[in-house]
Amino acid sequence: MEILRAIIEPSLETALEKVGVKGDFWKKALGPSRERDQGDLSLPCFPFAKQLGRNPADIATELSTLLSGDYDISTAGGYLNFSAKPDWLCSKVMPASEMPGTKNVLIEHTSANPNGPFHVGRARNAILGDTLVRLNRMYGNEVRAEYYVDDMGKQVGVLAWAIANLSKDQVDSLLEGKDGVNPRWNGKPDHEMVRWYQAAQLMREDKDPVIEEAIGKLVHASEHGDDSVLKQFEDAYQPVLDGMLETLSRLGIDFDTFTKESKFVVEGTVSKLMERLAGLEIHGMADNGAHFLDLGQRGLKGKTEFFYRRGDGSSLYATRDIAYHMWKWQQCDELINVLGEDHKLQAKQVSMTLQELGEKVPEVMFYAFIKLPEGKMSTRRGNVVFMDDLLEEAQAQAASVVKELRPELGMDEVTKIAEAVGVSAVRYNITKVSPDKGFTFRWEEALSFEGESAPFIMYSHTRACSIAKRVGRGPIADSKGEIPPAMHDLLRTMACFVDKLSHSVKENKPHTFALYLLELATSYNSFYRDCHVVKDGVVDEFNFAVSEKAREMLCSGMIGVGIIPLESM
RNA sequence: GGGCGUAUGAUGUAGUUUGGAUAUCAUAUCGGCCUUCUAAGCCGAUUACCGGGGUUCAAAUCCCCGUACGCCCGCCA
């Protein structure tokens, strides 16, 4: 609770000086209390014991007599506990709070190869990335969400070759016996066109030199910036990408800008970069003329040679990524990338090279993969859960719950609520887990609508909306009244909104704020139980004002993590 | 073989960056609460820091040695 810290620190500093404590190391010891009933902030006095040669409990007691302010003080077992006075807390929480962000942030996320539909694993990137985008915006930062389109190289090359050379019948017969397109997704180009890619990959297993050469030629041309080949690639991948973006859009995810990888080849920045790299101290060359940097000289362990240029003079993916980063740095103060954990080494190499060039390095949020109970997700082995199917299932499950709980609702209303509940639940179940934790996808958990879930938060919010609707007008400003425990508890939770948001944004940890919303909703639920707004037809203005403030916070918090704030569900 | 990451109740998770009190929350299980603003809710009960050393007044947190799992170690993307 930073608002409390701000008023405690100055007087605590004076008190500690009087007692004889030197230095300000205590500032980091002053932290949130472990238990809620201990207080809001606590100071362990053990570190002072040695310096002063006294018992920590005595020091705590003496300090408590030297302090006073808008907080209550208690001591317990060598700790000094501070609790904000409820009235003061209320006066701090109720006014609109200023958001501290001032930076221009560019967040690159998703950037999936445009060759097929999102499965749940690939979508983790988009969900985490978009949540970071939303949280940074709520924090006050200027944010640009960017998708880096991989429009050259082998993956797109294979897709383009297949579309140019295979008929639908050929594709169908090649893929015979494999799962077909779910009829629900007929006409959705990512689901349809991925079959050309899959068919081509199957054919390539035979290693037919004619096909390999044809694909190789395309890839080679794209990597040298051949306009007509790049155009052919674009015609192949764009519909697929559009289909993929449709899925993301259903999840509430969109982008401000799309930047094509080929841009840096065509504009010549990649070749200029390679010239610069060739002049570096740690530069080296292989027998066939390929170039690398020896990052081992800068402390990289394991494989130390980082190749950035092939023997034939063309660039590699990482080389283009470096050019891309240099370009990105020209347009923001802060750069964040969202990458799967398989990109850790690559990202390290890119960062080290950027440093070698005197450039700043990006912040990277890595996330671990989502597995299935049967093992790793793999499109080829048919061991996947497509995001489209998950969303469809979530919507259907939600619809059956809504129909049961709200039998009076019409079909349109049910569908609208079910869609919001389904999408929010799917997003939230991915967002609430720490990114570096790999987890196993289970339908049951992904579709959980109770406990630690989006619908739990949505439900609290609709309760607040329902009250507001019943009152039918806004709250009266500066209402005051009695603060019972449940309201006090809610106010304390509300007081940490910005703290939690700051932490989430600064550390690139969306899950901490996502979990905070659960606390906020829980506190609201207790308040809802104990502090009725409408009693016998009469509005308790103070309770209403607090309810409204909580409703606003829930609402903006939900938008921040991609939960759709319904007014009724 | 080397590098990086993860390990917390029956299950899933927070907390580890910056050491601090009785370790968070949920699911499951058992029991209670709808004549009062939506019971997708509320209240109560039950169960945990991978193993072994070390540092410290104090270790889930820091250091060392193991074990298990994941990812990476392409002139692929």
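Here is the naming used below: chain letters follow the sequence lines, and residue numbers restart at 1 for every chain.
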Distances for protein N/O vs nucleotides 64-67 of chain B N/O pairs under 3.5 angstrom?
none

*asked:* Could you write out RNA chain B as dot-bracket? Rules: Watson-Crick or G-U wobble, both distances under 3.5 Å, brackets [ ] for crossings, | for pairs with another strand, dot for unpaired.
replied: (((((((..(((.......[....))).(((((.......)))))....(((((..]....))))))))))))....

*Atom NZ of K27(A) with >12 non-hydrogen neighbours under 6.0 angstrom*: yes

*Are the aromatic rings of Y324(A) and F264(A) close, with centres under 6.0 Å apart?*
yes

_Polar side-chain atom of R320(A) near backbone of S315(A) as donor-acceptor pair, under 3.5 Å_ = yes

*Taking the P atom of each, how far is rG20(B) from rA39(B), in whole Å?*
39 Å

*Kindly indicate, with the supporting measurements, whether the criterion side-chain hydrogen bond (donor to acceptor under 3.5 Å, both in side chains) is fulfilled by Y148(A) and H109(A).*
CA-CA 8 Å; Y148(A) 184 47; H109(A) 68 86; over 6 Å; no

_Whole angstroms only, please: what is the CG-C1' distance between N543(A) and rU36(B)?_
14 Å

*Just how far, in rounded Å, is P of rA23(B) from CG of D37(A)?*
13 Å

*Sugar-phosphate, base or nothing in reach of F456(A), heavy atoms under 4.0 Å*: sugar-phosphate

_Return whichever of Y528(A) or S42(A) has its heavy-atom-nearest nucleotide of RNA chain B closer to the 5' end._
S42(A)

*Give, for atom CZ of R124(A) and atom CE of M377(A), the distance between the pair rounded to the nearest 0.5 Å.*
10.5 Å

*Kindly say if R463(A) contacts the phosphate of rA40(B), meaning a side-chain N or O under 4.0 Å from OP1 or OP2.*
no

*Looking at every strand, decide which applies to E519(A) at a 4.0 Å heavy-atom threshold: base, sugar-phosphate, or nothing.*
nothing

*Within the structure shown, what part of the strands sits under 4.0 Å from V156(A) by heavy-atom distance: base, sugar-phosphate, or nothing?*
nothing

*Ring centroid separation for F46(A) and Y79(A), is it under 6.0 angstrom?*
yes

*How long is the line joining CD of E450(A) and C1' of rC25(B), in whole Å?*
14 Å

*Quick one: do K469(A) and E567(A) make a salt bridge, cutoff under 4.0 Å?*
no

*Base versus backbone protein contacts along nucleotides 69-77 of chain B [heavy-atom cut-off under 4.0 Å; B, S, -]*: -SSSSSBSB

_Sidechain N-carboxylate O distance under 4.0 Å for R406(A), E408(A)_ = yes

*So what does C45(A) touch, heavy atoms closer than 4.0 Å: a base, only the sugar-phosphate, or nothing?*
nothing

*Taking CG from L520(A) and P from rC25(B), how many angstroms apart are they, rounded to a whole number?*
16 Å

_Would you call the rings of Y367(A) and F369(A) parallel, tilted or perpendicular, taking 30° and 60° as the class edges?_
perpendicular

*Taking the six-membered ring of F366(A) as reference, does the NZ or CZ atom of K344(A) fall below 6.0 Å from its centre and within a 45° cone about the axis?*
yes

*Among all residues two or more places apart in sequence or in another chain, which pass the side-chain hydrogen bond (donor to acceptor under 3.5 Å, both in side chains) test with T319(A)?*
none

*Aromatic centroids of Y459(A) and F449(A) separated by under 6.0 Å*: no

Strictly under 3.5 Å: I want the nitrogen or oxygen pairs between protein and nucleotides 11-14 of chain B, one per line.
from    : atom 1 : to      : atom 2 : distance (Å)
rG12(B) : N2     : E452(A) : OE1    : 3.1
rA14(B) : OP1    : S434(A) : N      : 2.9
rA14(B) : OP2    : K437(A) : NZ     : 2.7

*Looking only at side chains, do S83(A) and D40(A) share a donor and an acceptor under 3.5 Å apart?*
no

*Would you check, one step at a time, whether the test ring pair (Phe, Tyr, Trp, His ring centres under 6.0 Å) holds for F292(A) with F306(A)?*
CA-CA 5 Å; F292(A) 63 86; F306(A) 165 51; 9.8 Å; no

*Can you list the steps and then say if Y524(A) with S547(A) is a side-chain hydrogen bond (donor to acceptor under 3.5 Å, both in side chains)?*
CA-CA 8 Å; Y524(A) 184 81; S547(A) 176; 2.8 Å; yes

*rG20(B) base stacked by F46(A)? Criteria: ring centres under 5.5 Å, plane angle under 30°.*
yes

_Check this one for me: any side-chain N or O of N525(A) less than 4.0 Å away from OP1 or OP2 of rC42(B)?_
yes

Could you go over nucleotides 59-61 of chain B and give all protein N or O partners under 3.5 Å, atom names and distances?
none

*For L300(A) and rC4(B), give me the distance from atom CG to atom P, rounded to whole Å.*
10 Å

